[in-house]
Visitor: 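Pasting a structure below so you can have a look.
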There are 2 protein chains.
Amino acid sequence: MTTHTPRARLVHNIRVLRRADEVIGAAARVFAERGYHGTTTQAIADVLGMRQASLYYYFPSKEAALEEVCARGTDGFVEAAERVMREDMPPLKKLELLIASHLAQFETMPDYVRVFINERRYLPDASRKRVGRKSRRIERMIEEVIQAGIDSGSIRPGADAHLAMLAVLGMCNAVINWREVDRGRDTRRIAAIFAQLVANGLARNGSPPKHRGQPKSEPMP
Amino acid sequence: MTTHTPRARLVHNIRVLRRADEVIGAAARVFAERGYHGTTTQAIADVLGMRQASLYYYFPSKEAALEEVCARGTDGFVEAAERVMREDMPPLKKLELLIASHLAQFETMPDYVRVFINERRYLPDASRKRVGRKSRRIERMIEEVIQAGIDSGSIRPGADAHLAMLAVLGMCNAVINWREVDRGRDTRRIAAIFAQLVANGLARNGSPPKHRGQPKSEPMP
DNA sequence: ACGAATATAGAATCTAGATTCGATGTGTCT
DNA sequence: AGACACATCGAATCTAGATTCTATATTCGT
């Protein structure tokens, strides 16, 4: 630690953190693109215009960098989801918002999320469990909402909340690996369509008729 | 080629192919487990109880092995899907069968499929395109069926066939990465549930009502 | 301007892992 | 039995990539 004045220490720490962020960000970017094992520390350094050995000033090992990236990748998710959970609204609406906030993360921190989704399995046991705990929290939230829907009658009674949750997550997480062209279609629109699909399906009789004044008007521009 | 008697040649060739299959199978297994870049040729050899250098008798490079695995991973898909497409039935029913046959592949050749889904991106451009062509065929088939549903009126007119196709595929392909516990639930059941979800959604009024009433009474939370 | 801590460079190390090559074993046909 | 093609081994090569260490440059508070 610095032995300087408190303010000095603070200023320094901020700078340090900022640079550290850049480094982790660069790692995230390369991990996302080439996969963890396909990434060389050299490639990360290149992104930063830095000597490869200097990276080790910021993280103790490539593996540690991966864990950090994964951790940040989940944090956003969890916070966003928890915010939604605190709201008071019908389960299906909540589910819609959960999907939207989940997909929103893909726009906010695409690299981190992609690494979390595709590469977390390469973490050593200990950290994988740590990260897994967080991702299970998201799963549980979605499942809870679905179950609440079943209990309150808005969701078909026979539904399997767990499988449905996995289906929804699978569908959403796939987006991060879509080709640019497809992901390009604005995330909000995708979220809306997904929510609609999950709620009412594709079948024609699945959606309520328009004259019923349902706030379920066609997708939108 | 052998200069021996035809029958001898045949017998030999069969044995060769069989062994080659084992080798590619072993590669598939390890690729699936550790990812392409995380896989060492040593690990593949271990599975076979063979010296690592001997592998090169069966494939010219690790990359070639990946391509072979990916190729086999798609072949199954395409064939199964094409068989379904040839049948004559309403689009939604076809979609259901497409989902089922897709998931069935996950049971038949899980390793190959997993590698195809997770690792094809590491193929060199040329082979990635080759493999991509096949996977796009599957995409097109699904999209076609959905479009047919829209045209024939069984699927909601506003639906976006392309996005819906991506959603369905994302949902299905996620299954291959589920934890054992979750994938354990018999594939047929999962397929049925997915089909139901895609067709009618989770909402209670989503399933074909017995009579024409669509009481979408908002559940009071 | 000075000194303490920080940030980066440079060179060196050390290992694992892909690929090559020649030798050897093994079964099969004539 | 002898020849031949196939299958595997063993050793060697060759390189890339992670990590370590030491030296230098930079920055900031005083």
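When reading the values below, keep in mind they use all heavy atoms of this one structure, side chains included, and skip hydrogens, waters and symmetry mates. We name chains A, B, ... by the order of the sequence lines, and we start the count at 1 in each one.
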Visitor: Taking atom CZ of A:Arg34 as the centre, report whether more than 12 heavy atoms of other residues, nucleotides or ligands fall under 6.0 Å from it.
Guide: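 Not more than 12 within 6.0 Å, no.
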Visitor: For DNA chain D, find the residues of residues 30-39 of chain B with a heavy-atom distance under 4.0 Å and give them by number; none if there aren't any.
Guide: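 Contacts with DNA chain D under 4.0 Å: none.
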Visitor: With B:Tyr112, which residues qualify under ring-ring contact (aromatic ring centres under 6.0 Å, His included), at least two apart?
Guide: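 With sequence neighbours excluded, B:Tyr112 shows a ring-ring contact (aromatic ring centres under 6.0 Å, His included) to no residue whatsoever.
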Visitor: To the nearest Å, give me how far apart OH (A:Tyr56) and C1' (C:dC14) are.
Guide: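 That distance rounds to 13 Å.
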Visitor: Starting at CG of A:Leu48 and ending at P of C:dT8, how long is that distance when rounded to a whole Å?
Guide: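 Rounded to whole Å, this separation is 9 Å.
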Visitor: Distance-only, no hydrogens or angles: does the B:Arg114 side chain make a donor-acceptor pair with backbone N or O of B:Ala28 under 3.5 Å?
Guide: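 Flag not set: sc B:Arg114 to bb B:Ala28 has no pair under 3.5 Å.
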Visitor: Mark yes or no for whether A:Arg188, through its side chain, and A:Ala100, through its backbone, hold a donor-acceptor pair below 3.5 Å.
Guide: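 Checked: no pair found.
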Visitor: Measure the acute angle between the ring planes of A:His37 and A:Tyr122, then classify it against the limits of 30° and 60° as parallel, tilted or perpendicular.
Guide: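 Perpendicular: the ring planes of A:His37 and A:Tyr122 meet at over 60°.
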Visitor: Donor-acceptor pairs are to be reported for all side-chain atoms of residues 45-56 of chain B against protein atoms at under 3.5 Å, with residues two or more places apart or in another chain.
Guide:
residue : atom : partner : partner atom : Å
B:Asp46 : OD1  : B:Gln42 : NE2          : 2.8
B:Gln52 : NE2  : B:Thr41 : OG1          : 3.0
B:Ser54 : OG   : B:Arg51 : O            : 3.4

Visitor: Would you kindly give the CZ-to-C1' distance between A:Phe59 and D:dT20, to the nearest whole Å?
Guide: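 Rounded to the whole Å, the gap is 14 Å.
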Visitor: Return each pair, listed once, that meets side chain to side chain donor-acceptor pair (under 3.5 Å) where at least one residue sits in residues 163-173 of chain A; pairs must be two or more places apart or across chains.
Guide: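 Side chain to side chain donor-acceptor pair (under 3.5 Å) check on residues 163-173 of chain A returns A:His102-A:Asn173.
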Visitor: Are A:Glu33 and A:Arg29 ion-paired here, with the side-chain N under 4.0 Å from a carboxylate O?
Guide: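 The answer is no: the pair does not qualify as a salt bridge.
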Visitor: Between the protein and nucleotides 9-11 of chain C, list every N/O to N/O distance that falls short of 3.5 Å.
Guide:
residue : atom : partner : partner atom : Å
C:dA9   : OP2  : A:Arg51 : N            : 2.7
C:dA9   : OP2  : A:Ser54 : OG           : 3.4
C:dA9   : N7   : A:Ser54 : OG           : 3.3
C:dG10  : OP2  : A:Arg51 : NE           : 3.2

Visitor: Looking at A:Thr41, I'd like to know whether one of its side-chain N or O atoms comes within less than 4.0 Å of OP1 or OP2 on D:dA18.
Guide: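 For A:Thr41, the contact criterion (side-chain N or O under 4.0 Å from OP1 or OP2 of D:dA18) is met.
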Visitor: Within residues 118-127 of chain A, find the residues that approach DNA chain D with a heavy atom at under 4.0 Å, and present them sorted by residue number.
Guide: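 Contacts with DNA chain D under 4.0 Å: none.
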Visitor: If you draw a 6.0 Å radius around NZ in B:Lys62, do more than 12 non-hydrogen atoms from other residues or ligands fall strictly inside?
Guide: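 Count over threshold, so yes.
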Visitor: Within a 6.0 Å radius of atom NZ on B:Lys93, are there more than 12 heavy atoms belonging to other residues, nucleotides or ligands?
Guide: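 Atom NZ in B:Lys93 is not crowded, with 12 or fewer foreign heavy atoms closer than 6.0 Å.
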Visitor: Considering just the side-chain nitrogens and oxygens of B:Tyr57, establish if one lies under 4.0 Å of OP1 or OP2 belonging to D:dA7.
Guide: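 For B:Tyr57, the contact criterion (side-chain N or O under 4.0 Å from OP1 or OP2 of D:dA7) is met.
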Visitor: Of the nucleotides D:dA7, D:dA18, C:dG17, which has the atom closest to the B:Tyr58 side chain?
Guide: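 Nucleotide nearest to B:Tyr58's side chain: D:dA7.
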Visitor: Look at the side chain of A:Arg19 and decide which nucleotide, out of C:dT8, D:dC6, C:dG17, has an atom nearest to it.
Guide: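 Looking only at side-chain atoms, A:Arg19 lies closest to C:dT8.
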Visitor: CG of B:Leu55 versus P of D:dA7: gap in Å, rounded?
Guide: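 Interatomic distance, CG of B:Leu55 to P of D:dA7: 14 Å.
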Visitor: Which word best sums up how the rings of A:Phe106 and A:Phe77 line up, parallel for under 30°, tilted for 30 to 60°, or perpendicular for over 60°?
Guide: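 Because their plane-to-plane angle is over 60°, the rings of A:Phe106 and A:Phe77 count as perpendicular.
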